[in-house]
Amino acid sequence: MSKIKEFFSNWRYLKFCLYVAFTALLIYIAYFFVKNIDTIAISIGHGVHAVCTALAPFLIGLILAYIFNPLVGIIDRNFISKLAPIRTKNPIKAEKKRKRHRGISAILTFLILLILIVVLIYLFAVMILDQVIFESIETMLQGISNYFSQYDNILDGLTTQFPQILDLGLDQKIQELLDKGVTWLSENFSSRAILNFLSSLGIGIANFFLGIIVAVYILIDPDFLVRGGRKFIHALFPMKFAAKLREIINDIHEVLSSFIRGQLLDALIVATISSAALSAIGLNSAVLVGCFAGIANIIPYFGPIIGMVPAFIIGLFTDGIGKAVLAVVILLVLQQIDGNIIYPKIVGKQTELNPLVVLVSILFFGHFWGVVGMIIAVPIMAIIKRLFVRFANRKQE
């Protein structure tokens, strides 16, 4: 017993034992993490997905408030505040009136947004039901029939001249392809799949409207979240680190605000110009194709190419190869104008990146997260660049 007391009284031996035990524990934790990294990653992914699903209305409201905060400020300053100016000198009453003005401005902003969405859906529905189905689809099917009848003799000639082609098992391959197509249709268009889709759509619409309500509350007093975030940062971290973290958050805010708002405005301009230009040449469903081109333009490099595909297909099967090529050329010219004149002026130089870096980042993020990854690749790389430049400047200093 005395030896044990003597051992623990010697701080050097106790410190050595604690160091060895702590090192062994770290090695075991690292081994366990590496061995079960797949399970841990899946569990973390499920946990993050569950949290995001539970907080979906709040996250949607936060994003909507972040995007539309400048527009709410414009409506508040230029319209609401001028119609009902704050004349009281009581700070409490003035603050209440200011919040009331912000709330009215936020409600007006989202009413305008909902009206625009309803009008666009109505226009698309009218265009699709009256023009695409009864005119464009009819002419498109007629064009497809003409093309097949035109090359029918050529295909028959190839079949008669090369009968050995049929011996290569093409019939079996075609049957396998058809079986896969039928299986895909049965899986994705079954009653259960349709019910799941409608259920997900209903939940998404409900979350969107709840998000609008959350966004209105956030926009009434946006400084509340800013003050709360600052207090949270200073409560968790030391003063110097908290100041650096606030600088980093400000950099991220500048890049994201420039990119998101600039991209939305640029997409609207491209959609408007493309719709007008395609309507001028008489392309069927010009407005629908132009709006799709504007939305696809959000994706750098690949977006303009994706936006040209519907224009080429509709032009090819309704008016022939000449109209299809003309539509593609018009969209190509508009994309060049947008890329060299409109986009730099609207988005600015906040997200300037080397083209190779942009291409590699789009391919990388697109591989893991699809279209969403291709959209978020540029702002993420712009944020990384801004933080790296700040770090390099501090090192030089």
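Numbering starts at 1 and runs along the sequence shown. Quantities reported herein were computed from a predicted structural model and do not represent experimental measurements.
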Is there a side-chain contact (heavy atoms from CB on, under 4.5 Å) between V214 and L59 once you walk through the steps?
CA-CA 9 Å; V214 173; L59 296 177; over 6 Å; no
If you measure from CD1 on I60 to CG on L210, what distance do you get to the nearest 0.5 Å?
8.5 Å
The criterion is ring-ring contact (aromatic ring centres under 6.0 Å, His included); which residues satisfy it with F292, sequence neighbours excluded?
none
Considering all heavy atoms, the nearest F365-G373 contact:
CB-O, 3.2 Å
Quick one: does L114's side chain get under 4.5 Å of F209's, heavy atoms only?
yes
Any chance you could measure I220, atom CD1, to I104, atom CD1, to the nearest 0.5 Å?
9.5 Å
Would you indicate whether the side-chain heavy atoms of V289 and S274 approach each other to under 4.5 Å?
no
Roughly how far, to the nearest 0.5 Å, is the OG1 atom of T109 from the CD1 atom of I67?
13.0 Å
All N/O donor-acceptor pairs, side-chain side in residues 245-252, below 3.5 Å, sequence neighbours left out:
unit_1, atom_1, unit_2, atom_2, d
E247, OE1, R390, NH1, 3.0
E247, OE1, R394, NH2, 2.3
N250, ND2, R246, O, 3.2
D251, OD1, R386, NH1, 3.3
D251, OD1, R390, NH2, 3.1
D251, OD2, R390, NE, 2.6
D251, OD2, R390, NH2, 2.8

What pairs with E95 under salt bridge (charged side-chain N to carboxylate O under 4.0 Å, His left out), at least two apart in sequence or on another chain?
R98
Listed pairs under 3.5 Å, donor-acceptor, residues 324-337 side chains, sequence neighbours left out:
none

Donor-acceptor pairs under 3.5 Å, side chain of residues 228-241 to any protein atom, not counting sequence neighbours: which ones?
none

Output every pair passing ring-ring contact (aromatic ring centres under 6.0 Å, His included) with a member in residues 98-119, not counting sequence neighbours, ordered by first then second residue.
F68-F110
How would you list, by chain and number, every residue that makes a salt bridge (charged side-chain N to carboxylate O under 4.0 Å, His left out) with K323, sequence neighbours excluded?
D319
Which residues pass the side-chain contact (heavy atoms from CB on, under 4.5 Å) test with V389, sequence neighbours left out?
K385, N393
Answer yes or no: are there more than 12 heavy-atom neighbours, outside I92 itself, under 6.0 Å from its atom CD1?
no
Is it true that V378 and F388 fall in one hydrophobic cluster, defined by side-chain heavy atoms closer than 4.5 Å?
no
Starting at CD1 of I44, measure out to OG1 of T39 and round the result to the nearest 0.5 Å.
11.0 Å
Please lay out, stage by stage, how K99 and D223 fare under the test salt bridge (charged side-chain N to carboxylate O under 4.0 Å, His left out).
CA-CA 11 Å; K99 290 182 178 180; D223 295 333; over 6 Å; no
Pairwise side-chain contact, Y217 with I213, heavy-atom cut-off 4.5 Å (strictly under)
yes
Checking I218 against L225 for the side-chain contact (heavy atoms from CB on, under 4.5 Å) test, could you report, in this order, the C-alpha distance in whole Å, the side-chain angles of both residues, the deciding distance, and whether it holds?
CA-CA 8 Å; I218 294 174; L225 287 179; 3.6 Å; yes
Would you say L113 and V216 are hydrophobically clustered, going by side-chain heavy atoms of ILVMFWY under 4.5 Å?
yes
Dump the intermediate steps for side-chain contact (heavy atoms from CB on, under 4.5 Å) on K93 and K96, then the final yes or no.
CA-CA 5 Å; K93 292 183 179 179; K96 288 182 178 179; 5.6 Å; no
Which heavy atom of G294 sits nearest a heavy atom of A267, and at what distance?
O-CB, 3.3 Å
Let me confirm one number: the CG-CG distance from L62 to L55, rounded to the nearest 0.5 Å.
10.5 Å
Determine the minimum heavy-atom distance between A215 and G61, stating which atoms define it.
CB-O, 3.4 Å
Under 3.5 Å donor-acceptor pairs involving side-chain atoms of residues 357-364, not counting sequence neighbours:
unit_1, atom_1, unit_2, atom_2, d
S361, OG, V357, O, 3.0
S361, OG, V358, O, 2.7

Please tabulate, one pair per line, all N/O donor-acceptor pairs under 3.5 Å involving side-chain atoms of residues 200-208, not counting sequence neighbours.
unit_1, atom_1, unit_2, atom_2, d
S200, OG, N196, O, 2.9
N207, ND2, I203, O, 3.2

With the 4.5 Å side-chain cut-off for hydrophobic clustering, are F391 and M381 part of the same group?
no
When clusters are formed by joining ILVMFWY residues with side-chain heavy atoms under 4.5 Å apart, either directly or through shared neighbours, do L219 and V226 land in the same one?
no
Please tabulate, for side-chain N and O atoms in residues 71-84, each donor-acceptor pair with protein atoms closer than 3.5 Å (sequence neighbours left out).
unit_1, atom_1, unit_2, atom_2, d
D76, OD1, S81, OG, 3.0
N78, ND2, I74, O, 3.3
S81, OG, D76, O, 2.8

Rounded to the nearest 0.5 angstrom, the CG-CG distance for L288 and L283 is 10.0 Å
Indicate if L387 and I376 have the same hydrophobic cluster label, given that clusters are the connected sets of ILVMFWY residues with side-chain heavy-atom separations under 4.5 angstrom.
yes
Residue pairs, two or more places apart or on separate chains, that pass side chain to side chain donor-acceptor pair (under 3.5 Å) and touch residues 45-73
Y66-H253, N69-R102
